[in-house]
Protein chains: 2
Amino acid sequence: MGHKTEEVRMAGGTARSGRRATSADVAREAGVSRSTVSFVLNGTKGQTIPEPTRQRVLEAAARLRYAPSAEARTLSRGRSDVVLLYQPPQLPMTADMGALVEFLAAEFAEAGLTAVTHPWSRKPDGDVLTAITPVAVIAWDLPDDAVTAMRHNGVRAVISLTAESDPVAQWIWGTRENGIARLQVERLLSAGHRRLGYARPHDARLAEASEMRLKALRQACAAHGLPAPVAVSIPGDGEGARPAADAVAAWRELVPAVTGVCAHDDVAALSVLAGLREHGLAAPADLAVIGAGDSPAARLAVPPLTMVAVDMLVTARHLVAAVTSLLDGRPVPAGPEVTQVIERHSV
Amino acid sequence: MGHKTEEVRMAGGTARSGRRATSADVAREAGVSRSTVSFVLNGTKGQTIPEPTRQRVLEAAARLRYAPSAEARTLSRGRSDVVLLYQPPQLPMTADMGALVEFLAAEFAEAGLTAVTHPWSRKPDGDVLTAITPVAVIAWDLPDDAVTAMRHNGVRAVISLTAESDPVAQWIWGTRENGIARLQVERLLSAGHRRLGYARPHDARLAEASEMRLKALRQACAAHGLPAPVAVSIPGDGEGARPAADAVAAWRELVPAVTGVCAHDDVAALSVLAGLREHGLAAPADLAVIGAGDSPAARLAVPPLTMVAVDMLVTARHLVAAVTSLLDGRPVPAGPEVTQVIERHSV
DNA sequence: CGAAATCACTAACGCGCGTTAGTGACGTCA
DNA sequence: TGACGTCACTAACGCGCGTTAGTGATTTCG
């Protein structure tokens, strides 16, 4: 049975009706072969294309609104340009995270890559990998076999934020989280507070992140000769501020009492403020509060919240640098400092 | 020149070293042809495969950790399973939006589709379409030629939230936004407020959305015989609540004075509260405030904010139903009501 | 003036898959 | 016994692309 797949020049006419234009359509329209089209459109070096031909191809492509098929391209090239941000429930979307993702998309685009997020919550949805085949994946908690499976399936860079050996994870926990904890502790210490509390996040999905933060806070306290911080959960369900009031009471009734608290995030900080109000108390006089991750709500609180902010743009740049380094086989560069105290009136 | 691309059974051995397993590897491993592997793995109907063979193939696939290549599959099938949420700067990420996206991903997965987001801010990044080739796209503002270009390039369902003719857009503005506006107005009216204000969002990116909301509020007011709401911007830049204080003063100095305000979102509502405090005033006694889009910060405000909440799960379900309908060539079903007043203490 | 190099292209492979058109072996029915 | 199905498969096409190995025509060079 004869086999002549292509190069069967059609009599006349332009593109096949209906379907999207292919490079073959462009070739036909320009009166050249598909190879030539490919050479022109990709600027393949080692090929000499005279200007008139080049223009003919370019014009034909424009006329047909030709856009190369991503599938075919990655299939033939062997790799795609997609970086998957496999967004886990442990990192719920906040305005801060949204900004990070936005910056990531922009910075990855700069590097010739396309960032894309896929959130999952109920169950890790491995099908994305099948549906997308990314070059790189940034995720929260990937089981070892999942990582090897990805590698095996063509993912060239895998970043797992809970893997001990992952250089990006090391930066996240070693520099970013430690930076938050250290600045919180030092700020409270500089205001004279030596017995500190930790307000856990109200969102149950943040349990793991909370544990990491607590560890960092303990280290920071120890480094300054302070006792370990007293962690208290503030359940955020339901209405009213009673649970937060209980938390505040627990801190104040200790001997010696907790006089300054580090909040996991803005919502935890707001909860502490609400708890204080319930007792007719206020920050910073009765209890100093410092939060983490800036947000409009923190600025508009009563009193305006002193926060440790994380620079999301710098964070994004570092992540992109890490991924591109991994893709090029270079070592991941050292991570920058990204934390900074925003002074307001709750300490 | 001979052309025999495949079916060249290799002597012995298992998969080619290194690279990811292909269906040809599975075929070799199971001692059958690639076609048989495809039949088994896809449960192709009209093909009879005896159980022992089926098992051999299944086991071989498992042993090699075979996962089909998305590119090849969509290339051959002619369409992908990816729905692109082309997230615009006009819809900045908030906790609410994050929840919506999460629900969308889950609901689309249920429908056999894979939802993926790509945020852009600086410039619309059309390259995603080249890098992804989705079946469907949900976007904010697509120029007409972009829509036709997408259609032309194989996107089978395009939803543009600013297109007059788009049934989903009609629902968003006709049901969702109108629902928010109507409930806000009616709630304030039932508390006796007849001269209303509108607190524009502090985020400049929300300018367009703000305009739409204002239109809906005007309609709602007109429907109840009220004068048009007095819109005031509350710039959120910088620290302090002075701008918000000016806004509050502007409302109160009117004759007759504005006594109830509809805030665009939670941040706008918080800003109004901050402005009131600046004057030594408070809601609801001096000015009633009702916000939109619930959030922890709204619950923890002083006083806790009365809000109009939007059910994001129901919203997600409707969007998924709309997309699947479009894909199947069915008409988009009528959209549900998704708004509801959350009673607290600012009205 | 003939060999070599360059130019301007084209044919065809292979990426990995879904799918259709077979193709022998075996069983069934008249 | 032969026509006819069904069974259990396999060969091969085509999806759209990047890329390599050519191939005639022209130019360059000794």
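Quick note on labels: first sequence line is chain A, next is B, and so on, each numbered from 1.
Salt bridge B:Glu102/A:Arg205: present, at least one basic N to carboxylate O contact under 4.0 Å.
The CG atom of A:Leu64 sits 15 Å away from the C1' atom of D:dG16 (whole-angstrom rounding). Distance CG (A:Asn42) to C1' (D:dC17): 9 Å, rounded to an integer number of Å. The nearest whole Å value for the distance from the CD atom in B:Glu71 to the P atom in C:dG18 is 13 Å. Nucleotide C:dG18 holds its P atom 13 Å from the CZ atom of B:Arg79, rounded to whole Å. Regarding B:Tyr66, its OH atom lies at a distance of 6 Å from the P atom of C:dG18, rounded to whole Å. Distance, A:Gln47 CD to D:dG22 C1': 12 Å, rounded to whole Å. Summarising the geometry, the separation between CZ on B:Arg28 and C1' on D:dT10 is reported as 15 Å, rounded to the nearest angstrom. As a whole-Å value, the separation of B:Arg73 CZ from D:dG16 P is 18 Å.
Residue B:Thr22 places no side-chain N or O under 4.0 Å from the OP1 or OP2 atom of C:dC15. Here B:Ser33 reaches the OP1 or OP2 of D:dT10: one of its side-chain N or O atoms lies under 4.0 Å away. Contact annotation: A:Ser38 side-chain N/O to D:dC17 OP1/OP2 distance is not under 4.0 Å. When the side-chain nitrogen and oxygen atoms of B:Thr48 are compared with OP1 and OP2 of D:dC9, none of them lie within a distance under 4.0 Å. Between B:Ser23 and C:dC17, a side-chain N or O to OP1/OP2 separation shorter than 4.0 Å is present. Residue B:Arg77 places none of its side-chain N or O atoms closer than 4.0 Å to OP1 or OP2 of C:dG18. Put simply, A:Thr53 has a side-chain N or O that comes within less than 4.0 Å of OP1 or OP2 on C:dC9.
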Could you walk me through whether A:Thr36 and A:Ser33 satisfy the side chain to side chain donor-acceptor pair (under 3.5 Å) test, starting with their C-alpha distance in whole Å, then the side-chain angles of each, then the deciding distance to 0.1 Å, before giving a yes or no? CA-CA 5 Å; A:Thr36 305; A:Ser33 76; 3.2 Å; yes
Hey, mind stepping through B:Glu71 and A:Thr133 against side chain to side chain donor-acceptor pair (under 3.5 Å) and telling me if it holds? CA-CA 8 Å; B:Glu71 283 72 31; A:Thr133 334; 2.9 Å; yes
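Considering only side-chain atoms of B:Ala72, the nucleotide from C:dG14, C:dG16, C:dC9 that sits closest is C:dG16. Listed candidates were D:dT10, C:dT19, D:dG16. Nearest to the side chain of B:Arg34 is C:dT19. The listed nucleotides are C:dA8, D:dC17, D:dC9; the one nearest the side chain of B:Pro50 is D:dC9. Side-chain proximity of A:Leu75 to D:dT10, C:dG16, C:dC17: nearest is C:dG16. With C:dA11, D:dC15, C:dC17 as the choices, the nucleotide that has an atom nearest any side-chain atom of A:Ser35 turns out to be C:dA11.
Nucleic acid contact for B:Ser69: sugar-phosphate only, since backbone atoms but no base atoms lie under 4.0 Å from a heavy atom of the residue.
Side-chain atoms of A:Thr117 and B:Thr117 include a donor-acceptor pair closer than 3.5 Å.
If you run side-chain contact (heavy atoms from CB on, under 4.5 Å) between A:Tyr66 and each of A:Leu58, A:Val26, A:Asp25, only A:Val26 comes through.
Two residues, B:Ser76 and A:Arg56, neighbour DNA chain C, and the one matched to the more 5' nucleotide by heavy-atom proximity is A:Arg56.
Ring geometry for B:Trp171 versus B:His318: interplanar angle of 30 to 60°, hence tilted.
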